[in-house]
Every structure is written in C-alpha cells, then in structure tokens.
Number of protein chains: 2
Amino acid sequence: MTTETLNIREMCDAFDVTPRTLRFYEAKELLFPIREGQKRLFTKRDRARLKLILRGKRFGFSLEEIRQLLDLYHMNDGQEAQLSKTYVLAERHLAAMEAQKAELEEAIGELKEQMAWGAEKLAQLAKKKSSAA
Amino acid sequence: MTTETLNIREMCDAFDVTPRTLRFYEAKELLFPIREGQKRLFTKRDRARLKLILRGKRFGFSLEEIRQLLDLYHMNDGQEAQLSKTYVLAERHLAAMEAQKAELEEAIGELKEQMAWGAEKLAQLAKKKSSAA
DNA sequence: CGTTACGTTTACGTGCGCGTCAACTTTGCT
DNA sequence: AGCAAAGTTGACGCGCACGTAAACGTAACG
C-alpha cells in the first residue's frame, strides 16, 4: 500500500502549504488528523478534504463555507435530516458554481474581444513605426 | 439621454455597494469619479469599471490585480510600451481564467457525482422508512 | 434662521487567513 | 547523557477589504 498516513511535513510538501495552514484548518474543523502521541498524522480522508479546501479557495469561497460543504463529501453516516440538509446546501453550491461558470465564460469572451482590439492597436503602431523608418 | 452621471447614493443603489466601498476604490485608484464641488459624480466609465471590479472579485482576484487589468479596458491612449505590457498582463489573466474554468467544470462534475450518491442514499432511507411503517 | 438630509474627510476598529516568533516536548542519533 | 531535528501549543502581528463613528461642509426647505 502507498503510505497510509502523512506527517505534517509530508503533507505540506504534497500540497504546497505551511504547517501553520494545516494547524489552522484543524482548528477551524476543516481537517481532523489523528494523533500519534502529540504529533498529527494526516489520513487519506484529510488529503481528500484538503484538496477540496484548496479548490474551494480558488473559487473564492470562505473557509466557513467550505467547511459546511465538506460534509457533503463525507455524509456516509449521516441521519436523514442531516443528510437532506447537506444535500440542500450542495444544491445551492452547485447553482452558485454554475452561475460562476456562466459569468466566467462571459468574462472570458469580453476579455478576448478587448485583447483583439488591443492587438489591432498594436499592429497599427508597429506599422506606423516601420513606415516612419 | 439616460442620466450622464450618478451621485454616490445612486451609484450604491445601482450596484449594491456602500459609500465606503466606492470611496475605498477611489483611494485605491480603481475608480475616478469627477468632482462637483466636493461631491463625487460617477460617470459611465466608472460604472463600467465598477462592473468589472465586482466581477473580478467574484472570481477571487485581489483589488490590486483588478486595478492592473482595468487598464486593458481603457488603453485608448497608451503608448506602445505600456500597451504591450498591458496586453501581456491580459494574456496571463486570460490563461488564469481559462484554467479556472476548467477546474470549475471538473469540480461541478464531481459535485454532481456526490449529489447523485447522496440522492440514492436518501432514497434508500425513505424506502426503509415506508416499509417499516 | 435653524435643522434636516446628504455628502465629505480622518481615523480607528474588525474579520479573515494565515505569518512569525517564543517556549516547550518528543524522537532519534552519536 | 547530550544534542539537534521535528513537532507542539500559545500568542501576537499583518495585509486586505472594508465597517463605523466623529466632526465637519453645504444646500434646500419651512
């Protein structure tokens, strides 16, 4: 088997974060490393969660928002009430992401337009320059 | 013509931001409202910029990053050096946005999978409940 | 003329997401 | 036994993006 657990340094190297960040996420209840004596050991579950955390951050979600969503990915043992509550949260999140995707596509389109305009401008300047030489 | 300029309150209502935010953006050189006496008047240009600012924020860009990019949308009078510099910045930004889009699509896919799994679990619970009645 | 409404500057306060010591165990060499 | 490496828990600090309160200007209205 590939290493079952990672110590804090291995975890940091694997995800390019600092120890401080991992401890901070644990304090915020985003990660739950097990303890070997006093030291933290990060499980496969923690690695999956951290991946989602970092992705969520890139999308502009707060750690608190992310914390709530992480439950969706680990609702193996939830009771029905908790499960459906989480499911509703996930629906909202999905809607938010799809809205973000639509807006992102629009923004990309606009930026491309602007860049085409800028490229033309640059071409004109280059032309002027060469004819003036 | 529709109102040429907006005062601060109209601007706030139009974009759902606070006066503090608009003044803050001006201090950070993201907006350049003209002055009528001491009061700010927001032009069409300011409205276009604010729209881009708010969008940029939703995508997780910092105000400083956004400030640099706003130049691309107003590089009417730039010299070639400045122009091509801005163009390069825009290329980077475009790449970042397209990467973000790809990752977003992946995340949406995964979330949908998880939700399907959750839906099934919920269905099972519902079934058990009805058979137990 | 007062006061009410709207805007202004100045400046300190706040929440988030960590960075950065300091002081202390624990572990593994040698 | 000694000592360095790696990890730990506080606790304070910091940059960002504003919130918020204080004190002031000014234009309009009754």
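Per chain, numbering begins at 1; letters A, B, ... match sequence-line order.
Of the N and O atoms on the side chains of B:Q114 and B:E110, not one donor lies less than 3.5 Å from an acceptor on the other residue.
Among the heavy atoms of the strands lying under 4.0 Å from A:K57 are primed sugar atoms or P, OP1, OP2 only; no base atom is included. Residue B:R9 is classed as a sugar-phosphate contact, given heavy-atom separations below 4.0 Å to backbone atoms only.
The side chain of B:R20 has D:dC18 as its nearest neighbour among D:dC18, D:dT8, C:dG7. Out of C:dT8, D:dT9, C:dG17, the shortest distance to the side chain of A:R23 is found at D:dT9.
Judged by closest nucleotide on DNA chain C, A:K28 is the one of A:K28 and A:E36 placed further toward the 5' end. Residues B:Q38 and B:F61 each lie close to DNA chain D; by heavy-atom proximity, the contact nearer the 5' end of the strand is made by B:F61.
The phosphate of D:dC18 (OP1 or OP2) has a side-chain N or O of B:Y25 nearer than 4.0 angstrom. When the side-chain nitrogen and oxygen atoms of A:N7 are compared with OP1 and OP2 of D:dG7, one or more of them lie within a distance under 4.0 Å. A sub-4.0 Å separation between OP1 or OP2 of D:dT9 and a side-chain N or O of A:R35 is present. For C:dG17, neither phosphate oxygen OP1 nor OP2 lies less than 4.0 angstrom from any side-chain nitrogen or oxygen of A:T21. For D:dC18, the OP1/OP2 oxygens have no side-chain nitrogen or oxygen of B:T18 closer than 4.0 Å. Regarding contacts with the backbone of C:dG7, every side-chain N or O of B:R40 stays at 4.0 angstrom or more from both OP1 and OP2.
The nearest whole Å value for the distance from the CG atom in A:L22 to the C1' atom in D:dT9 is 16 Å. Between A:D13 atom CG and D:dA6 atom P the separation is 11 Å, expressed in whole Å. Atom CD1 of B:I8 is separated from atom C1' of C:dT9 by 12 Å (rounded to the nearest Å). One interatomic measurement links the two molecules: CD1 of B:I34 to P of C:dT8, which rounds to 13 Å at whole-angstrom precision. In this structure, the CZ atom of A:F42 is 10 Å from the P atom of D:dG7, given to the nearest Å. Atom CZ of A:F24 is separated from atom P of D:dC14 by 17 Å (rounded to the nearest Å). One interatomic measurement links the two molecules: CD1 of A:I66 to C1' of C:dC18, which rounds to 14 Å at whole-angstrom precision. If you take NZ of A:K39 and C1' of D:dT9, they are 14 Å apart, rounded to a whole angstrom.
Taking 4.0 Å as the cut-off between side-chain N and carboxylate O, A:E98 and B:K112 count as a salt-bridged pair. Salt-bridge formation is detected for the pair A:E26/A:R40: a Lys NZ or Arg NE/NH1/NH2 atom is positioned less than 4.0 Å from an Asp or Glu carboxylate oxygen.
By the 4.5 Å heavy-atom criterion applied to side chains, A:N7 and A:K39 are not counted as neighbours.
Pairing each heavy atom of B:P19 with each of B:C12, the nearest pair is N-SG, 3.4 Å.
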